[in-house]
There are 2 protein chains.
Amino acid sequence: MKTTAAARQFPCEKCPLQDFSHFQRHEKDEVSFLSSFKMGELVADTGTTVLVEGANSAHLFTVLSGWGFRYKTLDDGRRQILNYVLPGDLIGLQGSVMKKMQHSIEALSPMILCMFQRDNLANLFRNFPALGYDITWLASREEQMLDEILLSVGRRTALERAAYLFAFIFQRAQSVGMVKSGKLTVPVTQQHVADTLGLSIVHTNKTLKKLASRGALRWLDRGCEVLDEQILMDISGWQGLPATPRPYI
Amino acid sequence: MKTTAAARQFPCEKCPLQDFSHFQRHEKDEVSFLSSFKMGELVADTGTTVLVEGANSAHLFTVLSGWGFRYKTLDDGRRQILNYVLPGDLIGLQGSVMKKMQHSIEALSPMILCMFQRDNLANLFRNFPALGYDITWLASREEQMLDEILLSVGRRTALERAAYLFAFIFQRAQSVGMVKSGKLTVPVTQQHVADTLGLSIVHTNKTLKKLASRGALRWLDRGCEVLDEQILMDISGWQGLPATPRPYI
DNA sequence: CGGGTTGTTGACGAATTTCAATCCGGGTGG
DNA sequence: CCACCCGGATTGAAATTCGTCAACAACCCG
């Protein structure tokens with residue numbers, strides 16, 4: 001349960017994200033600006049709360065590696081997972097733009113985050129409008145993902161919902177090279193899945209069992225192995241993510 | 001079911017939105033830029049689809065007056081209303097930033113929209129970074145609203161959910177001067193409410209009846225009259241919206 | 001060897017959907 | 001003016017989904 005600010009292991013010039021064709025390239029001068037915008041790196045262990053709802057000290061982060069999730073809770077403890085966080089995702093923008101964070105983020109695996117000083121955000125918009133546009137792009141993409149998730153939670157059946165969730169995660173993970181030989185292990189518990197789908201843990205267990213019996217996935221010690229994306233897409237009726245390259249900061 | 005592009009009735013210098021203290025002021029040069037960015041006004045009747053999922057011709061709009069809603073549907077027709085659209089809201093950003101619109105928007109009342117040319121968006125970011133930042137702010141605010149709605153649909157009971165919905169709409173409407181003498185009429189059918197809450201129409205009817213019996217609201221011919229915001233907040237356990245002024249374009 | 005976390009299962013009851021009628025007001029054609 | 005139609009609101013009853021409770025198994029960790 002510790003987070004540590006480490007020395008800079010990944011200079012922007014060698015940002016590990018640039019290895020994926022999924023991401024758009026930066027111009028030379030953008031890279032050098034980002035390098036100065038970057039304060040350092042944050043290494044977070046599994047279970048660490050990277051950003052807390054209500055805090056206003058938040059920085060801005062880009063995920064370099066690892067899994068996390070974004071969530072909100074009600075006063076009596078009921079929790080809703082809003083979305084998952086994967087490499088390339090920008091987090092903490094709400095804290096930079098509003099006064100306080102309105103949600104929390106927790107690590108599902110060891111994570112490495114690139115940390116930015118939010119004070120300099122206005123600076124970024126002033127001197128690198130294309131990067132400002134990229135941030136808007138990313139915010140818009142997050143909104144689009146939320147739209148789909150809300151559609152799913154509001155209108156799909158439990159089985160469709162679960163199938164959609166793993167198909168969605170699979171595609172996102174695939175685009176950042178986390179899928180090896182057609183398979184992917186998602187480091188979540190069934191409680192996480194339940195809190196994502198808006199279901200109880202018991203019902204989630206029974207629903208996952210159905211997906212497993214159809215060969216779509218397999219439950220492991222610690223996490224879920226996605227075996228057959230196509231079955232998941234068939235069950236959920238989901239069309240899949242557009243394949244356009246996307247920016248990152 | 002018609003939309004018409006009318007002559008310019010509201011020059012930016014006299015934008016009706018600036019009458020509300022809820023909105024941040026623009027600088028002089030920003031106003032004149034926005035005036036050139038603006039293409040015209042769109043008047044949409046009740047029931048008109050202002051933006052359609054899948055279309056890529058979308059412009060960017062700011063709502064000047066009226067009510068609308070944003071929604072997505074599944075192939076078999078199940079519909080989820082994602083959020084409501086009120087004066088000051090920016091819509092169509094996804095269409096500008098991604099290739100295609102991923103959701104539709106329909107008018108719940110006659111609407112007047114301020115229409116922008118999306119080609120010029122890069123221009124805006126280049127020449128008026130503060131406005132670019134404002135757009136990011138608005139995108140972030142939309143995300144924040146979606147987070148709360150998703151929390152509600154995923155984790156609140158039917159009664160809490162309905163109470164939250166109307167408390168939320170009430171506060172948003174209040175900040176743009178739509179609440180007269182403590183009361184507000186929301187121009188929706190129970191089908192709209194059902195599609196917002198992720199419930200069937202029958203159950204929605206029974207849930208609304210409960211709220212009505214507690215004096216929180218009253219159902220009219222064509223819409224819902226919110227009578228007591230406090231009861232709604234008590235039932236839902238919702239804390240309310242932060243009161244910070246916000247930008248608009 | 002406990003103790004804690006996570007996954008599994010069956011039984012029961014509560015929440016919610018579906019089906020099927022009915023009602024009501026407004027608009028339309030005769 | 002009246003019969004009819006239509007969208008929206010209501011209601012009761014049966015069927016399904018889903019949540020809660022409770023118990024237990026498997027596993028990891030100190």
Side-chain angles (χ1 to χ4, degrees), chain A residues 1 45-48 69 74 76-81 106-109 152-163 165-166 185-213 217-225 235, chain B residues 1 45-47 69 74 76-81 106 108-109 152-166 185-213 217-225 235-236:
Chain A
M1 283 297 227
D45 286 344
T46 304
T48 307
F69 65 95
L74 295 174
D76 62 4
R78 282 174 285 179
R79 178 175 73 170
Q80 177 67 38
I81 294 184
E106 186 177 319
L108 275 173
S109 74
S152 200
V153 172
R155 286 305 185 202
R156 276 197 249 252
T157 66
L159 190 69
E160 291 169 347
R161 232 182 279 181
L165 173 64
F166 285 104
T185 302
V186 187
V188 288
T189 66
Q190 296 192 356
Q191 185 67 65
H192 289 120
V193 178
D195 288 346
T196 309
L197 303 181
L199 297 170
S200 74
I201 186 164
V202 173
H203 198 66
T204 298
N205 178 280
K206 288 166 184 168
T207 303
L208 289 173
K209 201 128 273 232
K210 254 182 225 169
L211 285 182
S213 78
L217 48 78
R218 185 165 47 155
W219 205 263
L220 307 177
D221 291 356
R222 194 169 255 36
C224 170
E225 188 176 29
I235 292 176
Chain B
M1 284 298 227
D45 287 342
T46 304
F69 65 97
L74 296 174
D76 62 4
R78 281 174 286 179
R79 178 177 73 171
Q80 178 67 37
I81 294 184
E106 186 178 317
L108 275 174
S109 73
S152 200
V153 172
R155 284 308 184 202
R156 276 195 247 253
T157 66
L159 190 69
E160 291 168 348
R161 229 182 282 180
Y164 162 74
L165 172 63
F166 285 104
T185 301
V186 187
V188 287
T189 66
Q190 296 192 356
Q191 185 65 65
H192 290 121
V193 178
D195 288 347
T196 309
L197 302 181
L199 298 171
S200 73
I201 186 162
V202 173
H203 197 63
T204 298
N205 179 278
K206 287 165 185 168
T207 303
L208 288 174
K209 200 129 274 229
K210 255 183 224 167
L211 284 182
S213 77
L217 48 78
R218 185 165 47 155
W219 204 264
L220 307 177
D221 290 357
R222 194 168 255 36
C224 169
E225 187 176 28
I235 292 175
S236 63

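Chain letters run A, B, ... following the sequence lines, proteins first and then strands; every chain starts at 1.
One interatomic measurement links the two molecules: CG of A/Leu220 to P of D/dC28, which rounds to 13 Å at whole-angstrom precision. Atom CG in B/Leu199 sits about 15 Å away from atom P in D/dA9, given to the nearest Å. Rounded to an integer number of Å, the gap from A/Glu160 CD to D/dC18 P is 10 Å. Here D/dG8 presents its P atom at 12 Å from CG of B/Asp195, a figure rounded to the nearest Å.
Between B/Asn205 and D/dA9, a side-chain N or O to OP1/OP2 separation shorter than 4.0 Å is absent. Applying the 4.0 Å criterion to OP1 and OP2 of D/dG7, one finds that B/Gln191 has every side-chain N and O outside that range. For B/Gln190 and D/dT10, the shortest distance from a side-chain N or O to OP1 or OP2 is below 4.0 Å.
Checking D/dT10, C/dT9, C/dT6 against every side-chain atom of A/Thr189, the shortest atom distance belongs to C/dT6. For A/Asp221, whose side chain is taken as the heavy atoms from C-beta onward, the closest listed nucleotide among C/dT16, D/dC28, C/dG7 is D/dC28. Here the nucleotide nearest the side chain of B/Lys206, chosen from C/dG10, D/dT10, D/dG12, is D/dG12. Among the nucleotides C/dT6, C/dT9, C/dT16, the one closest to any side-chain atom of B/His203 is C/dT16. Closest contact between the side chain of B/Ser200 and the listed nucleotides C/dT18, C/dT8, C/dT6 involves C/dT18.
A donor-acceptor contact shorter than 3.5 Å is absent between the side chain of B/Arg218 and the backbone of B/Glu225. Side chain of B/Arg78 to main chain of A/Arg155: a donor-acceptor pair is present (N/O by atom type, distance under 3.5 Å, no hydrogens or angles). Judged purely by atom type and a 3.5 angstrom limit, B/Gln80 uses its side chain to pair as donor or acceptor with the backbone of B/Asp195.
Along DNA chain D, the nucleotide closest to B/Arg222 and the one closest to B/Arg155 are compared, and the more 5′ of them pairs with B/Arg222.
Counting non-hydrogen atoms under 4.0 angstrom, B/Ile201 reaches nothing in the nucleic acid. Nucleic acid contact class of A/Gly198 (heavy atoms, under 4.0 Å, all strands): sugar-phosphate only.
Just one of B/Val193, B/Leu211, B/Asn205 meets the side-chain contact (heavy atoms from CB on, under 4.5 Å) condition when paired with B/Trp219; it is B/Val193.
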